[in-house]
Amino acid sequence: MATQTATKPESNQTVEKKVQRLRELYAAGPEAGKTALENLIRDLKSAAEHEPASRMSSAGRIGSSQGTVSELLVIAPFAPGGAERLRALLELRNGDFSDTDKVGTVHDMRFVFLDNDTKLLFATAYDGAWDPYIDDFATKIPNEMDTFFTTFEGWPGIRSPEVKDWIVKHQIPAIGWYVAHPDLTVRDIRRLKRIGKAVDEFLDKING
Amino acid sequence: MNLGTERGAVVEPNLKAEVPVVEASDVQAIVLRPRPKPYRGEYVILRIQDAAQGREMLRRLLPHVAPADEWWVATLPGWLGIAFTFEGLKALGVPQASLDSFPIEFREGMAARAEILHDWGANAPEHWEHPFGTPDIHVALAIYAKNEQDLQRVLELARRAHAELPQISVVYRMQFGELPEGRNPFGFKDGLHNPHVEGSGPAGPGSEASIKAGEFILGYPDENGETAQAPVPRELRHNGTFVAYRKFHMDVAAFRRYLRAQASSPEEEELIAAKMVGRWRSGAPLVLAPDRDEPKLGTDPIRNDAFSYADDMKGLKCPFSAHIRRVNPRDALKDEVVAVNLHHFLRRGTNYGPPLPEGVLEDDGAERGGVFLLIGAHLKRQFEFIQSQWVTDGNFISHGTEQDPLIGNNDGDGDFTIPQRPVRRRLHGLPRFVTVRGGAYCFIPGLRALRWLAALGSSSA
């Protein structure tokens with residue numbers, strides 16, 4: 001009890017300070033933003049009593065995670081001809097990434113061409129940490145990795161000992177990030193889908 | 001420029017023809033050879049406060065360090081292995097450039113890797129026995145003998161090695177020895193499987209498929225086709241390797257109580273215990289003996305390790321989450337994006353403490369458990385990977401956060417899933433049966449490298 005009363009006002013104070021600073025910053029911005037902020041603060045205050053399911057933490061060497069889900073975003077220049085190659089590859093795939101399914105830990109991947117096809121933004125959400133699995137990727141799916149990422153200027157190759165340092169060097173960690181289910185991995189979701197389907201079949205049979 | 005093709009050419013495996021022969025006379029016995037059976041032994045940890053005295057001690061010890069090619073000579077009273085932490089190499093005066101070339105996990109040490117290893121709660125380094133987790137651990141000696149008398153003879157050699165060297169101090173000693181019938185404190189036959197190191201001599205019983213020598217000894221191609229170029233210089237690296245030393249307390253009474261609470265008969269207790277381990281107490285693997293123990297199979301060193309999971313891909317015989325299926329998945333993960341051969345270690349286990357008498361369900365307060373030497377050339381993708389991904393997580397087998405039922409870091413809230421028909425069974429409330437008492441990362445140099453270390457400073461002095 002004593003410890004609770006000792007720590008709580010302090011954290012409230014910190015929050016108050018942050019709110020104060022936010023108000024000052026928004027006061028210098030557009031009027032609509034300022035009004036919206038006041039309304040939002042009012043709504044958030046009533047919800048602030050609940051501890052969220054997870055908070056952002058570090059995903060190993062770099063990057064952020066929410067629960068078991070981590071984010072990775074890399075922006076780097078295309079290699080000469082890299083944009084053309086990647087565009088052709090993605091056109092052929094036409095949204096088919098079923099080979100990525102077998103990795104079992106990738107929630108999504110996004111390829112965005114920037115600045116007149118001179119740079120590539122690659123963003124993904126995945127489970128756990130990528131670092132322990134790089135050697136496995138190099139052994140089991142080197143072609144899948146290298147057809148994508150050799151389009152990056154300077155990509156050392158998935159089997160290179162330098163590949164981890166290359167990724168870290170070009171990675172830009174997210175400052176803010178929302179994950180609907182920070183406690184569910186891709187494998188968890190697959191399992192829950194299987195269970196849900198089985199339960200539905202069971203209920204249908206009971207009714208039938 | 002076509003990096004893809006270039007890299008592709010580099011990685012083409014062309015090592016099929018020649019299998020490099022491991023120079024066993026230069027590799028320490030502890031790396032390649034199983035301990036004697038029965039065994040008595042002691043781990044001794046030393047601290048070096050003066051580099052010259054440290055090297056003098058090393059010079060005296062050198063003639064007694066057992067090489068892997070003649071450890072079994074019957075006239076030897078026992079054998080001695082020697083390993084160094086990063087702090088220990090520093091204390092011996094290893095040049096900075098060489099120190100800097102060691103992998104990061106070794107330089108940081110096991111305690112600093114606690115987050116990665118999921119060593120939290122009661123397993124956290126702040127709860128470890130002194131001097132584990134401190135910079136006072138420099139040199140670790142592992143001494144094995146067949147009996148007490150021989151052990152004392154080797155210990156005497158070790159004592160003489162630092163006699164009249166006041167800057168060398170013994171900071172830790174622990175004795176170990178075999179329990180009746182070669183069982184571990186939980187009552188299971190132990191030391192049953194180890195990968196076979198290619199080129200190190202004929203595979204003994206209890207070995208599995210050959211794994212490239214470079215996975216376990218620096219200086220040979222590994223499963224990636226690469227030969228380690230660090231640490232430098234080659235004189236220090238060649239025929240050396242790394243070891244993760246882990247001391248575990250085993251709460252045998254808690255294990256028995258848990259089985260009792262989950263089962264309605266002694267037979268069911270044994271079945272649940274076997275499901276947790278993946279083997280019956282005799283050593284008979286569940287895959288080959290799914291319904292009841294087969295002691296003959298357990299004691300047959302050829303048959304008790306000759307199995308795969310190919311016929312048990314639903315885990316109905318051996319659960320996905322069973323201890324031996326986690327730490328050594330064999331072919332169980334062959335459809336996954338994980339290269340199992342990158343995640344092996346050589347496991348040298350020893351037991352300490354008295355057995356808890358049969359049938360006792362209350363803890364007697366005695367310290368008992370095991371010390372494991374988990375040996376490999378790549379601590380990060382071997383010991384650290386297995387500990388963080390396979391032992392203390394369940395996602396790789398689609399089991400959420402379920403941990404190893406036996407050695408996981410559970411805290412009274414663990415689950416254990418047993419696949420069965422028509423519906424799986426799940427046990428809840430698993431306590432921590434095994435608690436980490438301490439650990440360290442050490443480098444195990446080859447014999448010539450030990451001489452190189454002992455000679456440091458002699459030319460520049």
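Residue numbering restarts at 1 for every chain, and letters A, B, ... go by the order of the sequence lines. All of these numbers come straight from a predicted model, not from anything done at the bench.
Counted within 6.0 Å of CD1 on A:I175, heavy atoms from surrounding residues, nucleotides or ligands total 12 or fewer; the atom is thus considered open. Within 6.0 Å of CD in B:Q420 there are more than 12 heavy atoms belonging to other residues, nucleotides or ligands. Atom NZ of A:K119 is surrounded by 12 or fewer heavy atoms from other residues, nucleotides or ligands within 6.0 Å. Other residues, nucleotides and ligands contribute more than 12 heavy atoms inside 6.0 Å of the NE2 atom of A:H107. In the displayed structure, A:R190 atom CZ is contacted under 6.0 Å by more than 12 heavy atoms of other residues, nucleotides or ligands. Counting heavy-atom neighbours within 6.0 Å of A:Y26 OH, excluding the residue itself, gives a total of 12 or less. Within 6.0 Å of CG on B:D413 lie more than 12 heavy atoms contributed by other residues, nucleotides or ligands.
A:K102 and B:V337 get closest at one heavy-atom pair: O-CG2, 3.3 Å. Across all non-hydrogen atoms, the minimal contact from B:E336 to A:R187 is OE1-NH2, 2.9 Å. Residue A:K140 comes nearest to B:K334 through the heavy atom pair NZ-O, 3.5 Å, listed as atom of the first residue, atom of the second, then distance.
With a threshold of 4.5 angstrom between heavy atoms, A:D183 does not approach chain B through any atom at all. Residue A:N143: no heavy atom, backbone or side chain, is found under 4.5 Å from chain B. Looking at B:E223, neither its backbone nor its side chain comes within 4.5 Å of chain A, counting heavy atoms on both sides. Heavy atoms of A:T147 lying under 4.5 Å from chain B are absent altogether.
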*Show the numbers, then the answer: is there a side chain to side chain donor-acceptor pair (under 3.5 Å) between B:H343 and A:D135?*
CA-CA 10 Å; B:H343 313 295; A:D135 295 306; over 6 Å; no
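To the nearest 0.5 Å, the span separating CG on A:D131 from CZ on B:F385 amounts to 11.0 Å. The OG1 atom of A:T185 sits 12.0 Å away from the NE2 atom of B:H399 when rounded to the nearest 0.5 Å.
Distance alone, capped at 3.5 Å, is enough to place a donor-acceptor pair between the A:D136 side chain and the B:A339 backbone.
Options B:E115, B:R381, B:Q389 differ in how many heavy-atom pairs under 4.5 Å they form with chain A, and the most are formed by B:Q389. Top candidate by heavy-atom pairs under 4.5 Å with chain A, chosen from B:N395, B:T401, B:L342, is B:N395. Ranked by heavy-atom pairs shorter than 4.5 Å toward chain B, the options A:P132, A:A138, A:G104 are led by A:P132.
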